[in-house]
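Since the structure comes first, as structure tokens, the remarks are kept for the end.
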Amino acid sequence: MQVIDKITGDVKHYLKSLNGTQNVVLLSNPPLSSEAISEWELTNNATLPSDLKAFFMVCNGLTLKWSASLFTQANQDPLLSVNPNVSHTANPPNSKTIQAGNGSILSCKDLKRVRLDCVDPKKQYADRMKFGNIYFDANEEWSESSPSPPFPSSDSANPKSEIVAFAIDHNPDLGVVCLLLDGTSASVWLKEKSCRWHPLASDFTSYFRLMLVHLAIQGWQFAFTDIGLPPYCKALLSRFAPERLLVDLASLPPPPPSPPPPPPE
């Protein structure tokens, strides 16, 4: 627990030291026993990775939230205008406070299955009636043309499924962060609202570190997708974590080449 407290405490202290940050909150739950984890695994017919088990045994879930004061000017989007001179102790005139950071690791009991495919709301309701409240139902942009997952699809309600996913964080505007278990490994993926899947980290520990170095800024996960960082997220990273933004931008895939010019007539 001391290691987790030290790491997260350093992040909290760093955020509070920055100009423009407010309402920095770090909430952590008491540790979980190994017996409780084993009970969860038996109930859900799934084996959690060793690093996540170790995390739960020192901290059974946590949440990091903070706000930012953004400078507003006429004809400017306040989400893209971050004022480096705004004090975190007060809101000056012409400023707007937004929820900048909001990252969580759900507690063990709150880990629920996530469907690998997108389903319509009627199917979600039918599954709740049939299987109970075992699914993490997000507000997905479902359609008949929703993409299939980039791995073999299976029925997550079937205990014999080789691949299952469990939600470890959720943002209704972005999607669900999932722990993907395939029987031999556990990786972390983002299932965005459009039902596309994106790999984020090869294991839970790597994902947790990434969340902290990005200061839990909302939308940071898109740095590891072909979509790229949303403008508001890029602006917040530029102000509060500029070194990390440089790393993220350097790792983005290059843009596709321009089409060749048409042949002369």
Side-chain angles (χ1 to χ4, degrees), residues 1-18 21 23-67 99-114 133-134 136 163-171 174-191 199-221 223-224 240-241 243-244 247:
M1 188 65 176
Q2 292 180 345
V3 175
I4 298 294
D5 285 343
K6 177 68 169 60
I7 296 173
T8 55
D10 287 348
V11 173
K12 181 180 180 180
H13 177 75
Y14 173 74
L15 281 168
K16 286 190 170 183
S17 71
L18 296 175
T21 60
N23 307 320
V24 180
V25 176
L26 176 64
L27 302 174
S28 59
N29 299 324
L32 199 63
S33 67
S34 58
E35 292 78 12
I37 296 175
S38 298
E39 181 180 351
W40 182 94
E41 292 179 322
L42 182 63
T43 301
N44 292 273
N45 195 41
T47 301
L48 295 176
S50 57
D51 57 349
L52 183 54
K53 289 182 183 180
F55 177 85
F56 283 147
M57 292 178 69
V58 296
C59 175
N60 183 24
L62 61 78
T63 298
L64 175 62
K65 291 184 178 182
W66 57 281
S67 303
Q99 184 77 55
N102 187 2
S104 300
I105 303 297
L106 296 178
S107 67
C108 187
K109 71 178 180 63
D110 292 325
L111 300 186
K112 291 187 178 182
R113 292 177 184 265
V114 175
N133 193 26
I134 68 170
F136 189 94
I163 299 179
V164 292
F166 291 90
I168 60 174
D169 194 9
H170 172 239
N171 184 312
L174 304 175
V176 186
V177 178
C178 302
L179 182 73
L180 195 72
L181 306 175
D182 66 1
T184 59
S185 63
S187 52
V188 180
W189 292 62
L190 171 67
K191 184 184 183 185
L200 299 179
S202 59
D203 53 63
F204 168 76
T205 299
S206 298
Y207 174 79
F208 182 59
R209 289 172 177 167
L210 286 172
M211 185 185 81
L212 294 181
V213 298
H214 285 91
L215 306 179
I217 291 174
Q218 298 188 83
W220 69 264
Q221 294 91 342
F224 300 89
F240 299 109
E243 297 85 359
R244 185 64 227 185
V247 173

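Side-chain atoms are counted along with the backbone in the values below, which use heavy atoms only and exclude waters and symmetry mates. The structure displayed is predicted, hence computed values, not measured ones.
Contacts classified as salt bridge (charged side-chain N to carboxylate O under 4.0 Å, His left out) and involving residues 204-216 (residues at least two apart or in different chains) are not found.
With sequence neighbours excluded, the residues forming a ring pair (Phe, Tyr, Trp, His ring centres under 6.0 Å) with Trp220 are Tyr207, His214, listed by chain and number. Scored by the side chain to side chain donor-acceptor pair (under 3.5 Å) test, Asn171 finds Gln218 as partners (sequence neighbours excluded). Under the salt bridge (charged side-chain N to carboxylate O under 4.0 Å, His left out) criterion, Asp182 pairs with no residue, sequence neighbours left out. Residues satisfying the side-chain contact (heavy atoms from CB on, under 4.5 Å) test with Ser50, not counting sequence neighbours, are none. Partners of Ser206 by side chain to side chain donor-acceptor pair (under 3.5 Å), not counting sequence neighbours, listed by chain and number: Asp203. Partners of Lys109 by side-chain contact (heavy atoms from CB on, under 4.5 Å), not counting sequence neighbours, listed by chain and number: Ser107.
Between the CZ atom in Arg113 and the SG atom in Cys178 there is a gap of 12.5 Å [rounded to 0.5 Å]. A distance of 12.5 Å separates OG of Ser28 from CD1 of Ile105, quoted to the nearest 0.5 Å. Atom OG1 of Thr8 and atom CG of Leu27 lie 11.0 Å apart (nearest 0.5 Å). Taking CG of Leu32 as the start and CD of Glu39 as the end, the distance is 9.5 Å to the nearest 0.5 Å. Atom-to-atom distance recorded for Leu215:CG and Leu18:CG is 7.5 Å, nearest 0.5 angstrom. Separation of atoms OG (Ser187) and CG (Leu179) is listed at 7.5 Å; rounding is to 0.5 Å.
When all heavy atoms of Leu48 and Leu111 are compared, the closest pair comes out as CD2-CD1, 4.2 Å. The heavy-atom pair separating Leu181 from Ala186 by the smallest distance is CD2-CB, 3.4 Å. The two atoms that bring Leu15 and Thr21 nearest to each other are O-OG1, 2.5 Å, heavy atoms only. For the pair Ala241 and Val213, the tightest heavy-atom approach, listed with the atom from each and the gap, is CB-O, 4.3 Å. When every heavy atom of Trp66 is checked against every heavy atom of Phe240, the shortest pair comes out as CH2-CD1, 3.6 Å.
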Name the atoms and distances for all side-chain donor-acceptor pairs under 3.5 Å in residues 51-65, with sequence neighbours left out.
unit_1 : atom_1 : unit_2 : atom_2 : d
Asp51  : OD2    : Phe204 : N      : 3.3
Asp51  : OD2    : Thr205 : N      : 3.0
Asp51  : OD2    : Thr205 : OG1    : 3.0
Lys53  : NZ     : Glu41  : OE2    : 3.1
Asn60  : OD1    : Cys108 : N      : 2.9
Thr63  : OG1    : Ser104 : OG     : 3.1

